[in-house]
Amino acid sequence: MNPTTRRHLEWKFSQVFGERSPDDEILDADRISTVEFDKSGDYVAVGDRGGRIVIFETKDGKNTADQHYSRNQLEQLDYVSLNHPEYRYKTEFQSHEPEFDYLKSLEIEEKINKLKWCTSLSGSLFILSTNDKTIKLWKVKDRKVKKAREIDSPHQLLSSENTLLSEKSFMNEQGIPSFANGNHVESGVNSIFPSQELRSKIANYEDTAYARCRRVYAHAHDFNINSISNNSDGETFISADDLRINLWNLEVSNQSFNIIDMKPSNMEELTEVITSAEFHPIHCNLLAYSSSRGFIRLVDMRQSALCDYSARIFQDEECHGSRSFLTEIVASITDIKFPVDGRHILSRDYMNLKLWDMHMDSSPVATFKIHEHLRPKLCDLYNNDSIFDKFECCLSGDGLHFATGSYSNLLRIFFHGGGSDEGATIEASKDPNSIKNRKPLPRSRRSSLSNLTRGFYKQGHESTSVVDEYSLNSSSKLQHLAWHPCTYLIACASGNSLFFYHA
């Protein structure tokens with residue numbers, strides 16, 4: 001693959017689930033809180049603040065990207081030659097319910113914080129989900145369900161009853177036919193049977209899926225869980241809260257091992273908290289976790305049972321000069337990701353997206369500015385709590401492109417080697433408006449900044465588009481997104497809508 005040919009990708013809208021009009025009010029429980037592709041890209045799972053999980057699958061079954069390619073293989077196959085898949089609804093289920101901790105007098109929200117697909121050798125799908133306190137392992141399996149079609153006449157109704165009652169799948173444990181409402185039908189009704197042609201018109205099979213909870217991993221975190229990550233060994237995973245990281249075995253739900261403990265003996269001495277944690281995609285003994293001070297720590301679990309003091313620290317030395325209260329807040333890393341080859345680490349803080357080389361911990365190899373225009377307004381962002389918003393990041397399977405979100409439902413996409421100013425900016429909507437080469441208005445023509453909004457020129461004329469790269473609508477922010485593992489396809493969440501874009 002020639003990188004120069006992949007620098008400027010033309011992003012297009014693919015599809016949307018949960019589309020709404022701008023005037024529709026969104027219930028808080030319906031807002032999407034996490035998005036995750038499985039390793040093949042055949043499935044994408046979405047969790048919301050109401051504790052529900054919705055799973056979508058590719059329309060044409062498993063696509064050609066159902067195996068996990070290395071970076072060299074992707075380059076040889078021509079990464080973008082794989083047609084971008086389209087998805088359809090598969091199933092949904094309630095993963096978590098609201099709870100109340102009576103010992104601590106604390107309400108536990110049902111909101112899904114993270115989802116992670118698990119490796120499975122069988123045909124079933126396994127997925128981990130977590131809210132603030134409890135992790136669950138779900139098994140999603142296909143099954144065929146017999147359905148009765150609509151009927152127009154009483155004769156068809158009588159015939160349909162006999163058809164359904166004659167099938168074994170509609171017999172109860174005692175062998176007595178019954179309907180879903182529990183009312184039994186007299187045995188005399190079975191004297192009339194419809195023809196085979198009529199039976200085929202009334203009853204048919206339909207593929208569906210159901211989810212069953214297989215494990216519950218609970219009572220291991222005193223603070224809210226912010227991350228879960230599966231190990232490449234396929235047997236273990238980690239869960240991280242503000243001060244601790246626990247190691248679990250997927251088959252053992254009543255025991256975990258504390259491998260990171262940052263809780264000081266005196267809580268008044270607390271200086272940082274854990275914000276995100278991720279296993280290395282290849283080496284099962286390596287994991288990385290980020291902190292609110294802008295550090296990334298890489299630990300090797302072979303060196304010590306408790307990995308607190310054996311970490312390699314990645315920090316941007318250029319950003320640790322003169323610091324203030326607000327600059328320390330925006331330095332907090334909200335998300336980290338490994339590429340497939342595990343050579344780099346991608347991190348997102350409030351202002352920037354940074355790419356780190358695993359062999360160079362003094363500074364990132366690339367820094368992409370997301371909304372630098374907001375830096376003069378950090379005080380206002382602090383006053384309305386927007387400065388504490390947590391944005392996620394993702395990267396393509398070939399490790400060359402990166403994406404993250406911003407305010408006003410803007411999606412920012414960058415290319416490795418393209419410089420900090422290059423990248424695409426599109427609005428998360430059905431008709432995305434690509435934003436390129438906007439220059440700020442002269443000071444004399446800027447409007448009031450009371451709402452943190454600025455006007456800008458585009459190609460010599462004042463832009464009237466509702467999409468403004470340099471605007472801030474704190475009520476519409478794109479925080480959750482995921483990149484398809486084997487093609488240029490991004491899924492991103494805005495409110496209760498899930499958008500797909502392809503290049």
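Just so we're clear, the structure is a prediction, and the values are computed from it rather than from any experiment. These numbers come from the heavy atoms of this one structure, side chains and all, not from hydrogens, waters or symmetry mates.
- For S276 and S290, the side-chain atoms include no donor-acceptor pair closer than 3.5 Å.
- Taken from CD in E57 to CG in D38, the straight-line distance is 11.0 Å, to the nearest 0.5 Å.
- Between Y43 and F56, the distance separating the two ring centers is not shorter than 6.0 angstrom.
- When each of I336, L353, T404, D335 is checked for a side chain to side chain contact (heavy atoms under 4.5 Å, CB included) with L346, only L353 meets the rule.
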Original post:
Would T275 and S292 satisfy side-chain hydrogen bond (donor to acceptor under 3.5 Å, both in side chains), going step by step from the backbone distance to the final call?
Top reply: CA-CA 6 Å; T275 57; S292 57; over 6 Å; no
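- Between the Q94 side chain and the G50 main chain, a donor and an acceptor come within less than 3.5 Å of each other.
- Shortest non-hydrogen contact noted between R312 and M358 is NH1-O, 2.8 Å.
- Side-chain N or O atoms of Q479 include one that pairs as donor or acceptor with a backbone N or O of K390 at under 3.5 Å.
- Not a single donor-acceptor pair under 3.5 Å links the side chain of D101 to the backbone N or O of S105.
- A salt bridge is absent between E392 and R348; no separation between the charged side-chain nitrogens and carboxylate oxygens falls under 4.0 Å.
- With values rounded to the nearest 0.5 angstrom, S229 atom OG is found 14.5 Å from Y289 atom OH.
- In this structure, a donor-acceptor pair under 3.5 Å is present between the side chains of S406 and H371.
- Looking only at atom types and distance, the side chain of Y407 has a donor-acceptor partner in the side chain of D389 under 3.5 Å away.
- Closest of all the heavy-atom pairs between A482 and C394 is C-SG, 4.0 Å.
- Smallest separation of non-hydrogen atoms from M351 and L378: SD-CD2, 4.4 Å.
- Partners of R302 under the side chain to side chain donor-acceptor pair (under 3.5 Å) rule, at least two apart in sequence or in another chain, are D300.
- For D132 and N113, the side-chain atoms include at least one donor-acceptor pair closer than 3.5 Å.
- Of the N and O atoms on the side chains of H280 and S232, not one donor lies less than 3.5 Å from an acceptor on the other residue.
- Judged as a side-chain contact (heavy atoms from CB on, under 4.5 Å), and not counting sequence neighbours, the contacts of S253 are R215, Y217.
- Side-chain N or O atoms of T487 include none that pairs as donor or acceptor with a backbone N or O of L489 at under 3.5 Å.
- Although no hydrogens or angles enter the test, the distance criterion places no donor-acceptor pair under 3.5 Å between the side chain of S14 and the main chain of F500.
- Atom-to-atom distance recorded for N258:CG and L247:CG is 10.0 Å, nearest 0.5 angstrom.
- The shortest non-hydrogen separation linking F279 to C284 is CE2-O, 3.7 Å.
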Subject >> Worked check of salt bridge (Lys or Arg N to Asp or Glu O under 4.0 Å) between D142 and K90 >> reply: CA-CA 9 Å; D142 293 327; K90 181 177 179 65; 2.5 Å; yes
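- With rounding to the nearest 0.5 Å, the separation of OG in S33 from CZ in R52 is 10.0 Å.
- Between L137 atom CG and C213 atom SG the span is 7.0 Å, to the nearest 0.5 Å.
- A centroid separation of 6.0 Å or more is found between the aromatic rings of H401 and F414.
- One N or O on the side chain of D341 and one on the backbone of R343 form a donor-acceptor pair closer than 3.5 Å.
- A donor-acceptor pair under 3.5 Å is absent between the side-chain atoms of N131 and the main chain of G51, judged by distance alone.
- A 4.5 Å side-chain heavy-atom check between I259 and N246 finds every atom pair outside the cut-off.
- Residues L411 and Y501 have side chains in contact (heavy-atom distance under 4.5 Å, counting atoms from C-beta outward).
- Side chain of N266 to main chain of E269: no donor-acceptor pair is present (N/O by atom type, distance under 3.5 Å, no hydrogens or angles).
- A donor atom on one side chain and an acceptor atom on the other are not found under 3.5 Å apart for W248 and T236.
- For the pair F17/S497, no side-chain contact is recorded, criterion being any heavy-atom separation below 4.5 Å from C-beta on.
- To the nearest 0.5 Å, atoms CZ (R88) and OG1 (T58) are separated by 7.5 Å.
- A centroid separation of less than 6.0 Å is found between the aromatic rings of W138 and F93.
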